[in-house]
Peer 1: 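The structure follows.
Sequence lines set the chain letters: A, B, ... in the order given, protein chains first and strands last, and positions in each chain run from 1.
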Amino acid sequence: MHIFSENFGYKLLKTIDMGPFFPLGTIGEELNLIIGFFIGIGFGFSLEASGFTNTRKLAGVFYGYDFVVLKVFFTAAITAAIGLFLLNYYGIMDINAIFYPKTFWIPTLIGGFIMAFGFIIGGFCPGTSVCAAFTGKIDGMVFVGGALIGIVGYSLTYEQLWASLRMSGAMGKVNIAKWMGISDGLFILILTIVAAIAFYAVTLIQQRVTSKKDYQL
Amino acid sequence: MERNKKYLNPYFGGFLIGIFMIAAYFFSGEGLGASGALKTVVVSTTNLVAPEYTQDAAFFKKYVNNPEKPPMKTWLMFEILGVIAGAIISASFYGRMKLQIGKAPHITNKTRLIAAGIGGLLFGVGSQLGRGCTSGMVMSGMGVLSLSGFIGLIAIFGGGYIIAYFFRKLWI
């Protein structure tokens, strides 16, 4: 028997979900924070070990000489999507009990475009800049400083510039597969195929670009 | 190849991050993030140096007026402390813990640092308006198939490709 789960398609059976632990009260707040610290260690280690403290490797995705960002990023998102889909489907974890971001499409689009400028000009994003700053990259430290000042500036101008924009385009919690009218499993399959084709194409592009010039990464 | 230029296979690195993201959702119900923790640092700092402003500012006050919950004691704050520790462990292991400026060979240190500061500033503003950054909003949002994650993906990376040409002198 299938039951419908509001944000993430169908579940196989009506089961008692084990997870998520903290939202369901299985673990207390202190343990939850400690777990957060250890998950952070894994995340930070993987970012640094993948080369994400190297600003030139990050910027390479936009110029064709290094596509590590695209490969790591899509592999991570698809791994998580498949894993969470299966956990939810087999009733191991209730996807409705996790933090599910609401969609405000206008500020996300505009904010995302501002972040695109930040990425191209600054050569980092917040997570990678923190890793870079604490492993000795001076440009990473300056980027983090800029981001902190940017947040202060956002607050100082909040009511004049951002308050009404931030709340515009509200759509609530929207699952993209449901929004497109297809099943979650099919969407994840399409996403995986698109990513596999992209991985193959960018590998060819990178070979061509780096064969003409040594980028001295 | 020199040890300090050795990196994980990108698909393996991405797989690991995906597993940690699943763990974050399974244990804590949270995605992996970064800009939320930066906001926490800002709110806590301004609350120390300018408490009257912080407790009255429309954007900040909701984070500081709860005596039960000090602003620093958030899951994301502990996660980002872990991120810092993890990055240091990896950089030490690969011999990359070194004071340096990452940049294209042809630009000066000054240009690079000014650009890094401006980029950070823009990311600070954009991540607050967009409700998260590349990790918390886009990657973790994509993991749960949230529409906002895919809109963010198109805006950040699609936007990046549109404007990359105009900033090519910084990188190539």
Peer 1: Between the main-chain N or O of A:Asn54 and the side-chain N or O of B:Arg96, is there a donor-acceptor pair closer than 3.5 Å?
Peer 2: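 Side chain of B:Arg96 to backbone of A:Asn54, a donor-acceptor pair under 3.5 Å: no, none is there.
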Peer 1: Taking all heavy atoms of B:Ile89 and all of A:Ile41, pick out the closest pair and write down the distance.
Peer 2: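 Scanning both residues, the minimum pair turns out to be CD1-CG2, 4.2 Å.
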Peer 1: Which pair of heavy atoms, one from B:Ala87 and one from A:Glu48, lies closest together, and at what distance?
Peer 2: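 Looks like O-CG, 3.5 Å.
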Peer 1: Answer yes or no: is there a donor N or O on one side and an acceptor on the other, between the side chain of A:Thr103 and the main chain of B:Ser148, under 3.5 Å?
Peer 2: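 At least one qualifying donor-acceptor pair exists.
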Peer 1: Is any side-chain heavy atom of B:Val125 closer than 4.5 Å to one of A:Trp162?
Peer 2: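 Side chain of A:Trp162 against side chain of B:Val125, heavy atoms only: contact under 4.5 Å found.
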Peer 1: Side chain from CB out, backbone as N, CA, C, O: work out which of these in B:Leu76 comes under 4.5 Å of a heavy atom of chain A, or both, or neither.
Peer 2: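 Neither part, no heavy atoms under 4.5 Å.
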Peer 1: So for B:Met21, is it side chain, backbone, both, or neither that comes closer than 4.5 Å to the heavy atoms of chain A?
Peer 2: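 For B:Met21, the side chain is the part near chain A, not the backbone.
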Peer 1: Side chain, backbone, both or neither: which part of B:Tyr25 has a non-hydrogen atom closer than 4.5 Å to chain A?
Peer 2: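 Both the backbone and the side chain of B:Tyr25 come within 4.5 Å of chain A.
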Peer 1: Hey, do the aromatic rings of A:Phe62 and B:Tyr161 have their centres closer than 6.0 Å?
Peer 2: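 So the answer is yes for these two rings.
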Peer 1: Where does B:Ser135 contact chain A at under 4.5 Å (heavy atoms): side chain, backbone, both or neither?
Peer 2: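 Just its side chain gets close to chain A.
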Peer 1: State, to 0.1 Å, how close B:Gly13 and A:Ser50 come at their nearest heavy-atom pair, and which atoms those are.
Peer 2: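 In terms of heavy atoms, the two residues are closest at CA-OG, 3.6 Å.
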Peer 1: Specify the closest pair of heavy atoms between A:Pro126 and B:Thr134, including all atoms of both residues, with the distance to one decimal.
Peer 2: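 So the two residues come closest at CD-OG1, 4.4 Å.
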Peer 1: Given heavy-atom pairs under 4.5 angstrom as the criterion, report whether the side chain, backbone, both or neither of A:Lys213 touches chain B.
Peer 2: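 Side chain only.
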Peer 1: Which atoms of B:Ala57 are under 4.5 Å from chain A, going by heavy atoms: the side chain, the backbone, both sets, or neither?
Peer 2: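 B:Ala57 touches chain A through side-chain heavy atoms alone.
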Peer 1: For B:Lys73, is it the side chain, the backbone, both or neither that has a heavy atom under 4.5 Å from a heavy atom of chain A?
Peer 2: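 Both backbone and side chain.
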Peer 1: Do B:Tyr53 and A:Ser155 get their side chains close enough for a donor-acceptor pair, meaning under 3.5 Å?
Peer 2: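 Side-chain D/A pair, B:Tyr53 to A:Ser155: present.
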Peer 1: With a distance cut-off below 6.0 Å to the six-membered ring centre and an angular limit of 45° from the axis, does B:Arg168 pair with A:Tyr63 as a cation-pi contact?
Peer 2: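 No - B:Arg168 does not lie over the ring of A:Tyr63 by the 6.0 Å and 45° rule.
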Peer 1: Do the two ring centres, one from A:Phe73 and one from B:Phe157, sit under 6.0 Å apart?
Peer 2: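 When the ring centroids of A:Phe73 and B:Phe157 are compared, they turn out to be within the sub-6.0 Å range.
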Peer 1: Would you verify whether the NZ or CZ of A:Lys57 falls within 45 degrees of the ring axis of B:Tyr7 while also being under 6.0 Å from that six-membered ring's centre?
Peer 2: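 Yes, a cation-pi geometry.
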Peer 1: Quick one: do A:Phe37 and B:Phe78 satisfy ring-ring contact (aromatic ring centres under 6.0 Å, His included)? Show the steps, please.
Peer 2: CA-CA 5 Å; A:Phe37 178 73; B:Phe78 279 73; 7.5 Å; no
